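In what follows, a single structure is set out as structure tokens and then discussed.
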Amino acid sequence: MNNSIKSKGAVSIPIFRSVGLAITCCVLLLCMACSIAGEPSAGTSHRIALITPAGTGELAEAIQLGAEAAAKEQGADLVSVEAFGTESVSRTRDGLGTGLLLRKNERDPQWINLPQLEREQAQVDAAAQALQQGATALLVDPLSEETLSNILHLAQTKSPAGNIAPVIVLNDEFPVKGITSVISMDNLEAGRKAGHAMADLLGTKGRVALLGPDLMNPGLVHREQGVKEALGEYPDLKMVPYSVCSNREVCWQATKQLMDQSRVDGIITLQESASLGAADELKRRQSSGSIKLVGFGSEQQQLEQLQEGVIQQLIVQNGFSAGYLGVNQAVARLNSSHVEPRVTLETKLVSTDNMFWMDNQKLLFPFVQ
């Protein structure tokens with residue numbers, strides 16, 4: 001078959017060659033338009049590293065899911081690094097392109113109980129590795145102020161391309177200069193929510209204990225301050241001195257000692273391991289429900305204890321939004337667009353009565369959205 005167009009007095013032009021030339025011109029014009037509009041071309045997408053402390057469980061998973069969703073929308077590569085030190089296992093997660101995931105068993109007690117300094121160094125090493133692999137921005141949930149300072153130093157000096165990598169901080173409020181953006185809950189207001197929740201549970205009368213880590217983190221300091229402000233509004237609510245504990249086992253022992261030494265009507269725990277440790281002791285004493293427990297977090301075991309009535313209220317933050325907004329802030333900085341220096345995450349008070357509401361289900365289980 002002769003695939004050509006003929007007209008009187010004209011030279012024959014092959015159809016396929018003519019169509020191909022037209023398509024080529026259109027493609028060139030479209031590419032030029034995309035470049036003018038500022039769309040990233042192939043091979044130049046942003047490579048963003050998400051670095052979280054190991055063993056942070058469901059919150060880290062929710063942050064990961066949010067970061068993945070934003071990276072997909074933005075056309076960015078997401079490198080997820082969970083800092084485990086020398087025995088990390090690496091693999092590539094499907095659907096993330098070149099995304100590298102360093103992960104170990106999140107529930108490994110040997111990791112959770114490692115000295116704080118060793119965990120902090122593992123996180124700094126993870127940031128250094130991500131930068132060496134070409135990360136152009138870092139999303140960090142830092143373990144301490146010193147850890148964040150060291151990671152910021154690396155971001156300003158260790159980029160293979162010689163560029164300063166913007167650092168977005170998730171879930172913490174350390175006063176360190178050089179941070180691009182902080183994405184965190186309002187810990188002062190969250191503490192107030194916990195205090196008012198306890199007042200409602202006790203009928204504004206009773207003795208309340210606070211339990212949690214050493215208050216070196218500004219976020220925890222604000223959280224405790226909010227609890228005290230709220231409880232201070234009720235003259236008949238008395239506070240028991242703060243009990244310091246570092247992990248679930250130690251928090252269980254601290255709760256046992258606390259209840260052996262004084263009468264307690266309610267316990268407010270400032271983070272996940274304290275909630276789990278306190279709940280363990282309440283179950284051992286068969287005091288579930290009679291002693292009210294309000295905590296922070298959304299770990300699977302906390303939700304089970306909430307449903308069983310061991311925990312009465314949980315202050316839950318939107319981890320999915322933290323990851324999602326973190327990636328968007330990083331991309332904005334890399335594109336020289338406007339960046340918010342601080343983004344406040346939504347928190348909700350979740351109880352047995354409302355944990356199955358649709359909005360709260362989306363908050364507690366973002367992976368099923």
Side-chain angles (χ1 to χ4, degrees), residues 171-175 182 184-245 251 254-255 257-259 261-279 281-282 287-298 302-303 305-306 309-318 342-355 357 359-360 363-364:
N171 302 326
D172 283 299
E173 306 173 24
F174 295 112
V182 175
S184 176
M185 73 166 75
D186 183 338
N187 281 287
L188 185 63
E189 180 58 30
R192 293 191 187 109
K193 283 185 179 180
H196 287 302
M198 180 58 72
D200 289 341
L201 289 167
L202 295 180
T204 71
K205 184 177 181 179
R207 290 170 56 84
V208 181
L210 263 65
L211 189 71
D214 195 1
L215 297 174
M216 295 183 296
N217 183 316
L220 289 177
V221 172
H222 294 154
R223 201 173 287 183
E224 183 204 30
Q225 181 183 345
V227 170
K228 288 182 175 179
E229 287 182 7
L231 294 179
E233 298 176 16
Y234 308 96
D236 293 329
L237 282 178
K238 307 300 180 184
M239 290 190 61
V240 176
Y242 186 78
S243 297
V244 176
C245 58
C251 290
T255 305
Q257 182 178 7
L258 173 71
M259 297 181 69
Q261 294 177 350
S262 62
R263 179 178 64 83
V264 175
D265 301 299
I267 301 173
I268 297 177
T269 56
L270 297 186
Q271 46 88 271
E272 290 86 348
S273 62
S275 295
L276 295 171
E281 179 59 15
L282 293 183
S287 300
S288 301
S290 59
I291 296 177
K292 307 304 180 184
L293 180 56
V294 175
F296 286 76
S298 56
Q302 286 179 290
L303 299 180
Q305 291 166 346
L306 181 69
V310 183
I311 297 175
Q312 278 67 49
Q313 304 270 9
L314 285 172
I315 309 294
V316 179
Q317 76 174 70
N318 196 326
R342 179 176 177 85
V343 179
T344 301
L345 294 173
E346 174 192 19
T347 58
K348 281 193 173 183
L349 190 65
V350 178
S351 67
T352 307
D353 294 333
N354 66 21
M355 68 180 297
W357 293 1
D359 287 348
N360 289 340
L363 181 65
L364 297 171

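The first residue in the sequence is number 1, and the count goes up from there. Remember, predicted model here, so these are calculated numbers, not experimental data.
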Donor-acceptor contact present, side-chain Gln313 to main-chain Ile315, <3.5 Å: no
Where is the tightest heavy-atom contact between Leu231 and Gly195, given as atom of each residue plus distance? CD2-O, 3.6 Å
Is Ser184 close to Arg342 at the side-chain level, that is, under 4.5 Å between some pair of heavy atoms? yes
A side-chain contact here means heavy atoms from C-beta on lying under 4.5 Å apart; do Thr204 and Glu233 qualify? no
Using every non-hydrogen atom in the two residues, find where Leu306 and Ile311 come nearest and quote the distance to one decimal. CD1-O, 3.3 Å
With a 4.5 Å cut-off on side-chain heavy atoms, are Lys205 and Asp265 touching? no
Grab the two heavy atoms, one from Val244 and one from Asp214, that are nearest each other, plus how far apart they are. CG1-N, 3.6 Å
For the pair Glu189 and Lys193, evaluate salt bridge (Lys or Arg N to Asp or Glu O under 4.0 Å) and give the outcome as yes or no after the intermediate values. CA-CA 6 Å; Glu189 180 58 30; Lys193 283 185 179 180; 5.8 Å; no
For the pair Asn217 (side chain) and Gly219 (backbone), establish whether a donor and an acceptor sit closer than 3.5 Å, ignoring hydrogens and angles. yes
Do the non-hydrogen side-chain atoms of Val221 and Glu173 ever get within less than 4.5 Å of each other? no
Check Leu314 against Gly297 and note the closest heavy-atom contact, atom names and distance. CD1-O, 3.6 Å
Taking Glu272 for its side chain and Ser275 for its backbone only, find out whether a donor-acceptor pair lies under 3.5 Å. no
Distance-only side-chain donor-acceptor flag, Asn171 / Gln317, under 3.5 Å: yes
Side-chain heavy atoms of Leu270 within contact of Tyr242, under 4.5 Å: yes
So does Gln312 get a backbone contact from the side chain of Ser351, meaning a donor-acceptor N/O pair under 3.5 Å? no
Value for NE2 (His222) from CD (Glu229), rounded to nearest 0.5 Å, stands at 10.0 Å
For Asn187 and Leu220, indicate whether the former's side chain and the latter's backbone hold a donor-acceptor pair under 3.5 Å. no
Minimum heavy-atom distance Ser287-Ser290, with the two atoms named: O-OG, 2.9 Å
Is there side-chain contact between Leu202 and Asp236, with at least one heavy-atom pair below 4.5 Å? no
Any chance you could measure Leu210, atom CG, to Met198, atom CE, to the nearest 0.5 Å? 9.0 Å
Taking all heavy atoms of Leu258 and all of Val264, pick out the closest pair and write down the distance. CG-CG2, 4.0 Å
Without swapping roles, check the side chain of Gln302 against the backbone of Phe296 for a donor-acceptor pair under 3.5 Å. yes
Could you state the interatomic distance from NZ (Lys292) to CG (Leu282), rounded to the nearest 0.5 Å? 11.0 Å
Enter the distance from Gln261:CD to Ser243:OG here, rounded to the nearest 0.5 Å. 8.5 Å
Quick check: do Leu211 and Thr269 have side-chain heavy atoms less than 4.5 Å from each other? yes
Nearest 0.5 angstrom please: Met185 CE to Asp172 CG, how far? 10.0 Å
